[in-house]
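I have placed the structure first, in the form of structure tokens, so that the comments after it can refer back to it.
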Amino acid sequence: MAIRRLKRRPEFLQVASSGQKAATPGLVLQARARADADPLRVGFTASRKVGGAVVRNRAKRRLRAAAEAVLGPKGLRAHDYVLIARAETVRRPFQLLLSDLDRALERVGRGGEGR
RNA sequence: UCAGACGGCUGGACGGCCGCGCGGCGCCUUCGGGCGCCGGGAGGAAAGUCCGGGCUCCACGGGAAUACGGUGCCGGGUAACACCCGGCGGGGGCGACCCCAGGGAAAGUGCCACAGAAAACAGACCGCCGGCGCAUGCGCCGGCAAGGGUGAAACGGGGCGGUAAGAGCGCACCGCGGGUCCGGCAACGGUCCCGGCACGGCAAACCCCACCGGGAGCAAGACCGAAUAGGGGCGGCCGCCCAGGGUCGAAAGACCGCUGGGAGGCGCAUUCCCGCGCCGCCGCCCGGGUUGGUCGCGCGAGGCGUCCGGCGACGGACGUCCCAGAUGAAUGGUCGUCCCCCGCCCAUUGGCGGGGACAGAACCCGGCUUACAGGUCGUCUGACCCC
């Protein structure tokens, strides 16, 4: 299934300022509930701190693959998620990266309004 | 076999599962799109953005001079270059080869740290030689610049003669300068003759000479498209000088940018000469397009192969292929097997763990520069061994 992407800078800023946040060794997750009932949306961020262009692209691709696997079945409708890459994102074994995202999603969901 | 020089190629392989974006075809569609099949989807540097072009828009009238920037041995290659090839000159290496910003220093200005006596019209610290005086090694006077010392560099080099000691003072050689002739398209090289040391170095110091050069860049630019500003048209108001015209007036004159010209200001890199364009305020209408979308946007100085010309860079002919096109930015994620490297354990097989370089297209080409684990091929050089 195709997940809608966040693309505009204002959309990212909105999630960062008004959403919730959970940090794990492999990634940082930000989440925000929207008023409408549209499907969930997701965005990816990898700053210069992570590495050069090659490393940042690879980090985004791994986060995208993890989002397909975890957010697809478990993500909430009408939510915006932003996954932020860290230095570990590229080196972390993939199974651990998946469980990182799983736990982060749980922690964020507990604080929010739920389904 | 070892050591080395130069040039080229390559940049992990295979498979399973799950994906991304592009194109084509087919089907479906609520016209937003969806599904299926097929095809192709990162680099040698895609990097730095340092040169040269294509392309696009802007500026674009001519001449002279100036300024600014760049290039700098010669010949060739090329669309072009600061690139490449072949030479020349200088330097390094036993050699294969490598390195050089390599025009002009008798046009002028300037600089040459430290050290050293002295750093550029020469001069004399230690010294050398002669004379005089005496307390025989010092003082004074004169001659000298070969020797020592300093330095990146010391007013030709070292040799013979010569001399009190010395000095191109004399001689031959080398260097330097001028000329003749020969070879070469040329840079330049060589022969012979003459001169008799005059002309230190630095031009990546200013400078001089020769040649070249509009500006900005795909966020260029075009189209579709709410609002604002600028632009065009109409109406009104204001404005320096001259001429024409118009209105009012009997006239004097007054008024009117309606027409032409001038002055002034601004622009065309600067200056000069000629030349060209534009010219303030308010209202209404037309129109205008930031974000967004579409195009630009990949058939090209194109790749590969064969043959021909050329020492080579490269050129030509024929055949053949179509080969990324994203825009919060696709070209992948993951697992397994194998390959290579490293560490540890057993140390024969083997086992465990870790690692696999530099790096990601953004309009496109030609170069340069920088980064890079490893593998591989070819040519050549020097040593040693064998025949």
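Considering all non-hydrogen atoms of both residues, R107(A) and T24(A) come closest at NH2-CG2, 3.5 Å. Across all non-hydrogen atoms, the minimal contact from A31(A) to V15(A) is N-CG1, 4.3 Å. Of all heavy-atom pairs spanning L40(A) and L76(A), the tightest one is CB-O, 3.2 Å. Taking each heavy atom of R56(A) and S47(A) in turn, the nearest pair found is CD-O, 3.3 Å.
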Run L101(A) and L27(A) through side-chain contact (heavy atoms from CB on, under 4.5 Å) and show every step you take.
CA-CA 7 Å; L101(A) 179 55; L27(A) 56 90; 4.1 Å; yes
Steps toward side-chain contact (heavy atoms from CB on, under 4.5 Å) verdict (L71(A), L83(A)):
CA-CA 11 Å; L71(A) 253 37; L83(A) 277 73; 4.2 Å; yes
Stepwise side-chain contact (heavy atoms from CB on, under 4.5 Å) check, V108(A) with L29(A):
CA-CA 8 Å; V108(A) 160; L29(A) 176 70; 4.1 Å; yes
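In this structure G195(B) sits in the anti conformation; its chi angle is more than 90° from 0. Glycosidic conformation at C169(B) (O4'-C1'-N9-C4 for purines, O4'-C1'-N1-C2 for pyrimidines): anti, more than 90° from 0. Look at C318(B): its glycosidic torsion is beyond 90° from 0, and that puts it in the anti range. G116(B) shows a glycosidic angle more than 90° from 0 and is accordingly assigned anti. An anti base is found at G232(B): its glycosidic angle is more than 90° from 0.
Between G366(B) and A80(B), the distance separating the two C1' atoms is 9 Å to the nearest Å. For G156(B) and G195(B), the C1' atoms lie 15 Å apart once the distance is rounded to whole Å. With both ends at atom C1', the span from C238(B) to A250(B) equals 33 Å, rounded to whole Å. With C1' as the reference atom, G249(B) and G277(B) are 43 Å apart, rounded to whole Å. Using P as the reference atom, U49(B) and A373(B) are 24 Å apart when rounded to the nearest Å. Across the C1' atoms, C193(B) and U150(B) are found 43 Å apart, a figure rounded to whole Å. C182(B) and A79(B) are spaced 42 Å apart, taking the C1' atom of each and rounding to whole Å. On the C1' atoms, G76(B) is 41 Å away from A383(B), given to the nearest whole Å.
As the counterpart of U306(B), A317(B) is assigned, both hydrogen-bonding distances of the Watson-Crick or G-U wobble pattern falling under 3.5 Å. The nucleotide G15(B) finds its pairing partner in C335(B), both defining distances of the Watson-Crick or G-U wobble pair being shorter than 3.5 Å. The partner of U271(B) is A64(B), judged by Watson-Crick or G-U wobble contacts that both fall below 3.5 Å. Pair check for C240(B) finds G262(B); Watson-Crick or G-U wobble, both atom distances under 3.5 Å. Base pairing of G328(B) is not made with any nucleotide, judged by Watson-Crick or G-U wobble geometry with both donor-acceptor distances under 3.5 Å. Using Watson-Crick or G-U wobble geometry with both donor-acceptor distances under 3.5 Å, G298(B) finds no partner in any strand shown. Base pairing of C111(B) is made with G201(B), judged by Watson-Crick or G-U wobble geometry with both donor-acceptor distances under 3.5 Å. Across all strands shown, G142(B) forms a Watson-Crick or G-U wobble pair, both distances under 3.5 Å, with C129(B).
A salt bridge links R91(A) with E88(A); the closest basic N to acidic carboxylate O contact falls under 4.0 Å.
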All N/O contacts under 3.5 Å from nucleotides 329-333 of chain B to the protein, with atom names and distances to one decimal?
| residue | atom | partner | partner atom | Å |
| --- | --- | --- | --- | --- |
| A329(B) | OP1 | R5(A) | NH2 | 3.4 |
| A329(B) | OP2 | R5(A) | NH1 | 3.2 |
| A329(B) | OP2 | R5(A) | NH2 | 2.2 |
| U331(B) | OP1 | R64(A) | NH2 | 3.2 |
| G332(B) | O3' | R61(A) | NE | 2.8 |
| G332(B) | O2' | R61(A) | NE | 3.3 |
| G333(B) | OP1 | R58(A) | NH1 | 2.8 |

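For the pair G52(A) and R92(A), both in contact range of RNA chain B, the more 5′-proximal nearest nucleotide belongs to R92(A).
Between the CG atom of L63(A) and the C1' atom of G328(B) there is a distance of 14 Å, rounded to whole Å.
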